[in-house]
2 protein chains.
Amino acid sequence: MSPLHETLIRFIQAHFPMDDDRAKEIAGIFHEQHFLKNDILIHENKVSDHYYFLCAGYVRSYTHNWQGEEVTLQLISANKVVCELASFFKRIPAQANFQALTACMTLRVSFTDIQKAFHTMPEFREFGRSMLVNACVEMQQRNIGFIQETAEERYANLVETQPDLLQHVPLKYLASYLGITDTSLSRIRKESVERERKVRT
Amino acid sequence: MSPLHETLIRFIQAHFPMDDDRAKEIAGIFHEQHFLKNDILIHENKVSDHYYFLCAGYVRSYTHNWQGEEVTLQLISANKVVCELASFFKRIPAQANFQALTACMTLRVSFTDIQKAFHTMPEFREFGRSMLVNACVEMQQRNIGFIQETAEERYANLVETQPDLLQHVPLKYLASYLGITDTSLSRIRKESVERERKVRT
DNA sequence: AATAGAACTTGCCAAAAGACAAGAAATGAA
DNA sequence: TTCATTTCTTGTCTTTTGGCAAGTTCTATT
């Protein structure tokens, strides 16, 4: 089994305990696909036929607002799932693009294969359901952030929980993802640094 | 079959086509439960053992911010699902309360029963997965609203898409759900009325 | 290595929303 | 029906964020 598949096996078992043989069987329906920086994994307005496990790299999803400007919806790091859920599961056109921000290594599975696994392997459908629940929880946490945190607090939260994003994701995408302009993010970052400096003296 | 179950059958078939016998079999594992205004359907910090289909009435979910103030996360109207997804499916304590804002009629199913259906009825697991995908999409839409709409635009959107909420949900809950204070919502509503008056003259 | 373009920062002013207080209106309890 | 409590609105001032421009820094291309 390839190192990428080993990573996937551990990921699967972390989310739904099952014996090694079963996890390997599930991992076996995934196939490697690599992407270069700026490649598009999933295209807006097309039905998405793949569900990706991101082994290495960073991906963002984005759509456009009414002014035609890009709006970053998700920032996805390694050991996470990349999928346009409605498009993939309901066979409808995707509402967003998914773009590689760095070179990426993924394991992907097609809808046909995932359907077969879903109906024939009890452990897989438990695992799959767990993934969907996780996606909902993550979205809900994001909503809570927007409801009750200022942009500064959302930025501080991101710095604390996902500091690696700052090294690999352009600030303009981070700003968009946080729901503010790049100008505002610059000011928040400056004040954050100044505040930390004051705390130390 | 009760009128509530008839509603549920139509709802199920709208989300995943299946023949009547199968839909009735699925609906048969749901049981009626009524709630009075202000009753709590799902309790924060407890593992939730029920998944509800809301036949009639309005429900909100809420948690608390660090100041101890209530923050309304969801507003749920009839013909929708009421469920604390992580608590129900992963058997962990709920992160929010779900409260009846009006008298409610629901059909509920326990985790044990839903598990059995999930593994024995292919149509049910397709339906169930469709529900989870819908929940994700709805959360994502809310995300997008926070990222790229002003509070005024989010309010206008809500007025357009769910006008019934204005009749049945206290404005302070609406404001919280929209991520603003009741004071700000009052001003937005006043300006909205004035703007509509200007358009007509 | 040089240059063009993109990303990021800073300056200045405006708009949106919050905080707090006070008052009006609506609702619930007695 | 009356009164207490809650909800909602309005006033005033503050804070947060946006818009736009200009400049600096970084990255990509030649």
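Being a predicted model, the structure only gives us computed values, none of them experimental.
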- Message: For B/S184 and B/Y173, find the nucleotide of DNA chain D closest to each by heavy atoms; which residue's nucleotide sits nearer the 5' end?
- Response: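 The answer here is B/Y173.
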- Query: Does B/R60 come within less than 4.0 Å of B/E70, counting only side-chain N to carboxylate O?
  - Reply: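 Looking at B/E70 together with B/R60, the answer is yes, because their closest N to O distance falls below 4.0 Å.
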- Message: With a 4.0 Å cut-off on N to O distance, would you call A/R22 and A/E123 a salt bridge?
- Response: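 Answer for the salt bridge query: yes.
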- Query: B/T181 or A/T183: which one's nearest nucleotide on DNA chain C is closer to the 5' end?
  - Reply: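 With B/T181 and A/T183 compared, the 5'-side residue is A/T183.
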- OP1 or OP2 of D/dC8 less than 4.0 angstrom from a side-chain nitrogen or oxygen of B/S186, does that happen here?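 So the side chain of B/S186 is outside the cut-off, no N or O lying under 4.0 Å from OP1 or OP2 of D/dC8.
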- Message: Check this one for me: any side-chain N or O of A/K37 less than 4.0 Å away from OP1 or OP2 of D/dA28?
- Response: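 For A/K37, the contact criterion (side-chain N or O under 4.0 Å from OP1 or OP2 of D/dA28) is met.
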- Task: Report yes or no: is the cationic atom of A/R129 (NZ for Lys, CZ for Arg) closer than 6.0 Å to the six-membered ring centre of B/F89, at no more than 45° off its axis?
- Result: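 That pair does not qualify as a cation-pi contact.
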- Assess whether one donor atom and one acceptor atom, taken from the side chain of B/R187 and the base of D/dT12, lie less than 3.5 Å apart.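 Indeed, a donor on one side and an acceptor on the other fall under 3.5 Å apart.
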- To the nearest 0.5 angstrom, please state how far the CG atom of B/L165 sits from the CG atom of B/L75.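 One finds 5.5 Å between CG of B/L165 and CG of B/L75.
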- Rounded to the nearest angstrom, tell me the gap between atom NZ in B/K172 and atom P in D/dT6.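 So the two atoms are 8 Å apart, to the nearest Å.
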- Task: Tell me which nucleotide among D/dT16, D/dG11, C/dC12 gets nearest to the side chain of A/T150.
- Result: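 For the A/T150 side chain, the nearest candidate turns out to be D/dT16.
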- Nearest of D/dG11, D/dT7, C/dA7 to any side-chain atom of B/K190?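 Selected nucleotide: D/dG11.
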